[in-house]
Amino acid sequence: MRLVVIDTMQMIRSTTRDYSYSSDYRELSELKRFADDHGITVLLIHHTRKMGDSDVMNTVSGTNAVTGTADFTWVLTKDRNSVDAELTVTGRDIEQRKLDLTFEDYRWKLVKDSSMEEIAAARIPACVSQVVDFIRQNGAWEGQTSELLAEIGSGDVSVASFGKFLAQHSAHLEKNGIRYSKRRTMAGSRITLELLADDYDGNGSYGSDSRGQDLLPQLSLLP
């Protein structure tokens, strides 16, 4: 396998000032076709935007065609005066990973290799984890978002953000045996958190008894 490194992408771009999605896709598709036809790997060095983003792949400069055309994308994030960096890797045929690196003896050394599951877990807000602990200890709960926030005692997040986090991470709650739902009433929006059966597997299934019948979730009754 032969490797060709192009530093940087701007060196091979056309002289036009058209930086649209179609232009990015056309130019990078030609480069990918060249690599496929010759059985080589082309490593294309490109810049990131100065503006940060919760999804590191969105920091790649240009349109989505830049990352969408490539077979895999590596994004290296590093503060200017630091010897430590994060390398996020994703692609069509590889699992997303995050590598913690440090620069030592003129080369990068691996400190930690995190899987996609570990990356996802690290993104779960602390207040959502507190809700999991609260429901496991107290059973089912129903009320307003502000009331639940007061119950768990998390004062470092606003009510609006807390409600958004619960909705965004409802799959995480269910994976931990807690079903989240929300409904509107005359008095305002109310959320319901139900504690599922102990044998819930986090994938929508329950265990079976000795007769092969599915066990139903045992929900605590609401007051």
Side-chain angles (χ1 to χ4, degrees), residues 1-129 156-157 161 165 168-169 171-172 175-176 202:
M1 177 66 70
R2 289 169 290 178
L3 172 66
V4 175
V5 180
I6 300 176
D7 187 7
T8 63
M9 174 177 153
Q10 193 63 31
M11 296 293 293
I12 62 166
R13 299 213 64 166
S14 63
T15 56
T16 65
R17 294 185 178 274
D18 180 11
Y19 296 141
S20 64
Y21 180 95
S22 59
S23 176
D24 287 344
Y25 185 82
R26 181 179 62 255
E27 293 185 355
L28 292 177
S29 292
E30 292 175 359
L31 185 61
K32 184 180 185 307
R33 189 179 305 112
F34 171 80
D36 291 342
D37 290 345
H38 291 81
I40 63 175
T41 296
V42 176
L43 179 59
L44 184 61
I45 309 299
H46 190 42
H47 294 290
T48 56
R49 298 184 289 108
K50 292 182 178 180
M51 185 178 298
D53 194 285
S54 58
D55 184 348
V56 70
M57 291 300 156
N58 291 336
T59 66
V60 177
S61 182
T63 68
N64 291 336
V66 175
T67 55
T69 308
D71 288 329
F72 57 86
T73 304
W74 296 5
V75 179
L76 184 67
T77 306
K78 174 185 175 297
D79 292 334
R80 183 180 297 274
N81 298 317
S82 176
V83 297
D84 299 323
E86 288 183 356
L87 179 64
T88 303
V89 180
T90 189
R92 293 191 181 94
D93 300 318
I94 59 174
E95 180 183 6
Q96 182 175 346
R97 296 162 61 194
K98 187 186 74 171
L99 309 178
D100 293 337
L101 308 174
T102 189
F103 196 71
E104 185 178 315
D105 297 331
Y106 304 101
R107 66 180 60 188
W108 288 109
K109 293 187 177 181
L110 178 64
V111 176
K112 182 181 179 182
D113 185 351
S114 301
S115 66
M116 187 167 58
E117 290 76 13
E118 291 172 317
I119 295 172
R123 292 176 178 169
I124 301 299
C127 57
V128 175
S129 298
D156 59 348
V157 61
S161 295
F165 289 152
Q168 288 177 339
H169 298 286
H172 174 75
K175 186 175 181 180
N176 283 272

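All values below were derived from every heavy atom in this structure, side-chain atoms included, with hydrogens, water molecules and symmetry-related copies excluded.
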Checklist entry - In terms of the angle between their ring planes, are His169 and Phe165 parallel, tilted or perpendicular, with boundaries placed at 30° and 60°? => result tilted
Checklist outcome for this item: In short, Phe72 meets Trp74 closest at the heavy-atom pair CD1-NE1, 3.4 Å
Item to check | Salt bridge Lys32-Asp36, side-chain N to carboxylate O under 4.0 Å | outcome: yes
Checklist entry - Is there a side-chain contact between Lys78 and Leu87, using heavy atoms and a 4.5 Å cut-off? => result no
Checklist entry - Is there a side-chain contact between Leu101 and Leu110, using heavy atoms and a 4.5 Å cut-off? => result yes
Next on the checklist: Would the distance check show the side chain of Arg2 and the main-chain N or O of His38 forming a donor-acceptor pair, the cut-off being under 3.5 Å?
Outcome noted: yes
Checklist entry - How far apart are the closest heavy atoms of Arg92 and Thr69, and which atoms are they? => result NH2-O, 3.2 Å
Checklist entry - Going from CD on Glu86 to CG on Leu76, what distance comes out if it is rounded to the nearest 0.5 angstrom? => result 9.5 Å
Next on the checklist: To check you understand the geometry: which heavy-atom pair defines the closest contact between Lys98 and Asp100, and what is its length?
Outcome noted: CE-OD1, 3.8 Å
Checklist entry - How long is the gap from CE on Met9 to CD on Glu27, to the nearest 0.5 Å? => result 6.5 Å
Checklist entry - Between atom CD1 of Ile124 and atom CD of Gln168, what is the distance when rounded to the nearest 0.5 Å? => result 9.5 Å
Next on the checklist: Nearest 0.5 Å, please: how far is OG1 in Thr88 from CE in Met57?
Outcome noted: 5.5 Å
Next on the checklist: Evaluate Asp71 against Asp93 for side-chain contact (heavy atoms from CB on, under 4.5 Å), listing each step before the verdict.
Outcome noted: CA-CA 8 Å; Asp71 288 329; Asp93 300 318; over 6 Å; no
Checklist outcome for this item: Nearest heavy-atom approach of Leu28 to Ala65 is CD1-O, 4.0 Å
Checklist entry - How many angstroms lie between atom CD1 of Ile12 and atom CG of Leu44, to the nearest 0.5 angstrom? => result 5.0 Å
Checklist outcome for this item: Scanning both residues in full, the closest heavy-atom pair of Val42 with Ala35 reads CG2-CB, 3.8 Å
Checklist entry - How many angstroms lie between OG1 in Thr67 and CG in Asn58, if you round to the nearest 0.5 Å? => result 8.0 Å
Checklist entry - At their closest point, which heavy atom of Ser61 faces which heavy atom of Arg49, and how far apart are they? => result CA-CG, 3.8 Å
Checklist entry - Under the criterion side-chain contact (heavy atoms from CB on, under 4.5 Å), which of Thr73, Thr8, Val75, Val60 is the partner of His46? => result Val60
